[in-house]
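Worksheet: the structure to be examined is printed underneath.
These figures come from a predicted structure and were not determined experimentally.
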Amino acid sequence: LHMALLATILSLIIYWIIRDRYRVRNLNGKHIFITGCDTGLGNSLSKWLDKKGFCVIAACATEKGSQELRSCSSLSLKTVNLNLADSNSIARAVVFVTEQTAGKGLFGLVSNAEGTAPVGPTDWLRIEDFHSVLDVSLLGLIEITLKLLPLLKKAEGRVVNLINAKGLMAFVGGGYSLSKWGMEAFSDTLRIEMQHFGVKVSIVEHGFFKTEEVNSDIIEKHLFKLWNRLTPDIRDSYGEKYLIE
């Protein structure tokens, strides 16, 4: 019994030693850039990391989102406007991050962005419906990651890609699941390539958050919108009952 207790205590001590080795220390001066901070997970993460003492640079799509975030954070938190579907906007954000880090490099890049997600059978959709998601949630995130890699390599920082696990279940047509699987593949490749430079790449597959609850009324309204723009032959192939059921 005594030997078992001693072994348990020793195991806990070893665990604590190993765990503490991976804790980030000296947070002051470490810059973290987070996308998608107007609301939801990106917003909450920005506030939490700001309280922890990191130098947070939060990218928001709207001025309202930026003002709300600054109003309840420390003065060290900075915001920048970012439209991930616009290469010029991405370039301006990269310049801002470069100026803020002042030669220190970027300690962390947290990519968290959700493009608009038309929901419906694949042949109800047009190519622009796919672009509305992929241009933001996949190509936009890839573009800003590529442009920030020099800063991440300089600081031997880390990339954390937040991926909603519901997008990994391909149960509906459109670009949403495509964007999530695409980010998984991009992250896995980047992780292998960046090991040489000391840059870590992680994927966090999260579930629903309270702020992300699905509004069935909005989905239903969008389905009817898609239905009404269908050509008669596609509509006839499904039949009115398909939409109601």
Heavy-atom side-chain contact between T231 and I234 under 4.5 Å: yes

Considering all heavy atoms, the nearest K147-A91 contact: NZ-CB, 4.3 Å

Residues F33, T101; criterion side-chain contact (heavy atoms from CB on, under 4.5 Å); working and verdict: CA-CA 10 Å; F33 179 61; T101 54; over 6 Å; no

Approximate separation, where rounding is to 0.5 Å, of I163 CD1 and E184 CD: 4.0 Å

Nearest heavy-atom neighbours spanning S46 and V56: O-CG2, 3.8 Å

Contact summary for L106 and V97, nearest pair of heavy atoms: CD1-CG1, 4.1 Å

Distance in Å, I144 CD1 paired with S87 OG, rounded so as to fall on 0.5 Å steps: 10.5 Å

Side chain N161, main chain I203, donor-acceptor under 3.5 Å: no

Close side-chain approach of V160 and S111, heavy atoms under 4.5 Å: no

Distance-minimising heavy-atom pair for V201 and S187: CG1-O, 3.6 Å

Close side-chain approach of L178 and V133, heavy atoms under 4.5 Å: no

Distance in Å, L77 CG paired with I57 CD1, rounded so as to fall on 0.5 Å steps: 9.0 Å

Considering all heavy atoms, the nearest L82-A59 contact: CD2-CB, 3.6 Å

Pairwise distance CZ(R191) to OG(S202) - rounded to 0.5 angstrom: 6.5 Å

Residues K153, M194; criterion side-chain contact (heavy atoms from CB on, under 4.5 Å); working and verdict: CA-CA 8 Å; K153 288 159 72 174; M194 287 296 109; 4.2 Å; yes

Cluster overlap L84 with V95, hydrophobic side-chain contacts below 4.5 Å: no

Any donor-acceptor N/O pair, S137 side chain to L134 backbone, under 3.5 Å: no

same_hphob_cluster(L162, W48) at 4.5 Å side-chain heavy-atom cutoff: yes

Evaluation steps, side-chain contact (heavy atoms from CB on, under 4.5 Å), between Y176 and N164: CA-CA 10 Å; Y176 191 76; N164 198 320; 3.5 Å; yes

pair L149-L146: side-chain heavy atoms closer than 4.5 Å: yes

Residues forming a salt bridge (charged side-chain N to carboxylate O under 4.0 Å, His left out) with K78, sequence neighbours excluded: none

Where at least one partner belongs to residues 83-103, residue pairs that pass salt bridge (Lys or Arg N to Asp or Glu O under 4.0 Å), sequence neighbours excluded: none

Side chains of E68 and N43, donor plus acceptor under 3.5 Å: yes

Shortest non-hydrogen separation from I32 to F54 and the atoms involved: CD1-CD2, 3.5 Å

Listed once per pair and sorted, the salt bridge (Lys or Arg N to Asp or Glu O under 4.0 Å) pairs that draw on residues 227-238, sequence neighbours left out: D129-R229

Flag, side chain of H31 to backbone of G105, donor-acceptor distance under 3.5 Å: no

Side-chain H-bond candidate by donor/acceptor type, N112 with T35, under 3.5 Å: no

W181 CH2 to M169 CE distance, which is reported to the nearest 0.5 Å: 10.5 Å

CG on L148 to CD on E143, rounded to 0.5 Å: 10.5 Å

Any residue meeting side-chain contact (heavy atoms from CB on, under 4.5 Å) with T62, in chain and number order, not counting sequence neighbours: D38, K64

Main-chain N/O of C55 paired with K30 side-chain donor or acceptor, under 3.5 Å: no

Partners passing side chain to side chain donor-acceptor pair (under 3.5 Å) against S89 (at least two apart in sequence or in another chain): none

Ring geometry between Y238 and W124 (parallel below 30°, tilted from 30 to 60°, perpendicular above 60°): perpendicular

side-chain contact (heavy atoms from CB on, under 4.5 Å) evaluation trace for R158 with L152: CA-CA 7 Å; R158 61 203 65 201; L152 288 160; over 6 Å; no

Salt bridge (charged side-chain N to carboxylate O under 4.0 Å, His left out) against E63, all qualifying residues, sequence neighbours excluded: R70

